[in-house]
There are 2 protein chains.
Amino acid sequence: MRRAEGLRDQLEQDIVTGHFKPGERLDEQSLASRFGVSRTPVREALMQLASTGMVELQPRRGAFVASLGFKEIIERFETMAALEGMCGALAARRITDEQRSKLVEAHEACVAEAKDGASDSYYYANERFHQVIYEACHNAYLAEQARQLHTRLKPYRRLQLRARHRVSNSLAEHQKIVEAILAGDSTKAEQRLRDHILIQGQRLNDFISSFGSAKVA
Amino acid sequence: MRRAEGLRDQLEQDIVTGHFKPGERLDEQSLASRFGVSRTPVREALMQLASTGMVELQPRRGAFVASLGFKEIIERFETMAALEGMCGALAARRITDEQRSKLVEAHEACVAEAKDGASDSYYYANERFHQVIYEACHNAYLAEQARQLHTRLKPYRRLQLRARHRVSNSLAEHQKIVEAILAGDSTKAEQRLRDHILIQGQRLNDFISSFGSAKVA
DNA sequence: CATGCGGTTTTTGTATACGAAATCCTTGAC
DNA sequence: GTCAAGGATTTCGTATACAAAAACCGCATG
């Protein structure tokens, strides 16, 4: 057997898609037989996922799909706001001509998807939009950190998109972000990108509160 | 044998203190016998260190002490500036009375150590100063991310402290940061803390340039 | 003298084995 | 009927074994 790397991605996918639910226990032996490998590579994959916060490892107890409480989710949105804000600030100063085109294209794709009303397809266009900004900041490490949090918060982002008028408001925010970056205004780009993320946390808060539960996705 | 957790910290210490030098290859078998354990816990420790960026794992090639080039170091300082800036902004709004006292104490300890002229002891006081701010931001996740980068950049921070007038300038920056946080001015706190970090990158740049080498510590 | 090739050796990645800790389940006492 | 104690069982953490890939080395060759 020669494939521990893929194991991690497979498990991550199963968690993000909800195949394994938050709080669920991940038995090493079960996963091993499920993937046709021994426990060793499974343990390695679990440890990697633990380092990204996807699973929680309790010593001598086992691995559990991390279920973030409301507080933990907000904390991550705040952290992401800091990272994305810096991405925006740097992107405004460093974006290349080619990336300018990509940014506009990605934004227009978001507008197009939003018209169709399907929040899922909007989500993917939105994801691409942020990826372009990550690239444009020309800081591979910062981009990677932002990307990781982005992935980790994926289930919660999708949730808040269903709040009333959230998509149209999100689009308006994107518009202002694009303008700031293209104008090379790093201060405005940072402020707007940061607020864009923090607002998502706020809307998620509203969304969760309206159902009276802190454990979601 | 029942101690894989400690292995990670021991290895980390050996890397930060320079016992294992950047670029050096870390043989699993050697480490195993060195610590009196088998390869399994060593591999787990190496993977954990890889997730924090302390070591680089090349598939089928082995583990190497990560040697950051100049570009990679600057990238991390920029990312850290984003995280610390957010820490400062949040701390200005959320710091408790007890933490206010701690902050002032930590700052005064820095002043005291700076008088003695020993940049090493100043470094530790400086470390504590930042730890207090991490706590005061009341965001455990953000604090942990900042702490990790802080540890990772430790060797480079120490280096730039030796630049001319760096310690006294650093102190002046701390003073302004404390004032902003105590005044509850999140905007100023963020700006000053961010600049404080970015300046470190700049000074490190100067320091490295004056020796004509991009690989340090 | 540099260089490419083949075999040997080292080292990683995975599988399996084993001891220890935690959980579960039975059983007995109150 | 409830609850606690003790052993059986499960599962984690580590050690060891083995297969495969890469590094190493000597030798021959241009």
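What you see below is based on every heavy atom in this structure, not just the backbone, and it leaves out hydrogens, waters and symmetry mates. We name chains A, B, ... by the order of the sequence lines, and we start the count at 1 in each one. All of these numbers come straight from a predicted model, not from anything done at the bench.
- For the pair B:L26 CG and C:dT10 P, the interatomic distance rounds to 20 Å; values are reported in whole Å.
- Counting only N and O atoms by type, the side chains of A:E113 and A:S121 include a donor and acceptor under 3.5 Å apart.
- Considering only side-chain atoms of B:E44, the nucleotide from D:dT14, C:dT12, D:dG13 that sits closest is D:dT14.
- The nearest heavy atom of DNA chain C to B:T40 and to B:Q29 marks one nucleotide each, and the one closer to the 5' end goes with B:Q29.
- Regarding A:L46, its CG atom lies at a distance of 16 Å from the C1' atom of C:dT14, rounded to whole Å.
- Taking atom CD of residue B:E28 and atom C1' of nucleotide D:dA22, one finds them 14 Å apart after rounding to whole Å.
- Side-chain proximity of A:R60 to C:dG13, C:dT14, C:dA22: nearest is C:dA22.
- Residues A:E135 and A:H130 have side chains that never bring a donor and an acceptor to within less than 3.5 angstrom of each other.
- Phosphate contact (OP1/OP2 of C:dT23, side-chain N/O of A:R61, threshold under 4.0 Å): present.
- Put simply, A:R25 has a side-chain N or O that comes within less than 4.0 Å of OP1 or OP2 on D:dC12.
- In the set C:dT14, C:dG13, D:dT16, the nucleotide with an atom closest to the side chain of A:S38 is C:dT14.
- For the residue pair B:S170 / B:E173, no side-chain donor-acceptor distance below 3.5 Å is found, with atom types taken as modelled.
- At whole-Å resolution of the value, CZ in B:R39 and C1' in C:dA17 are 16 Å apart.
- Phosphate proximity of C:dG13 to B:R43: present, with a side-chain N or O under 4.0 Å from OP1 or OP2.
- For the residue pair B:E144 and B:Y134, no side-chain donor N or O sits within less than 3.5 Å of a side-chain acceptor on the partner.
- Distance, B:L31 CG to C:dT11 C1': 13 Å, rounded to whole Å.
- If you check the side chains of A:N205 and A:S209, you find a donor sitting under 3.5 Å from an acceptor.
- The side chain of A:P59 lies closest to D:dG13, out of D:dT14, D:dG13, C:dT14.
- Rounded to whole Å, the distance from CG on B:D27 to P on C:dT10 is 12 Å.
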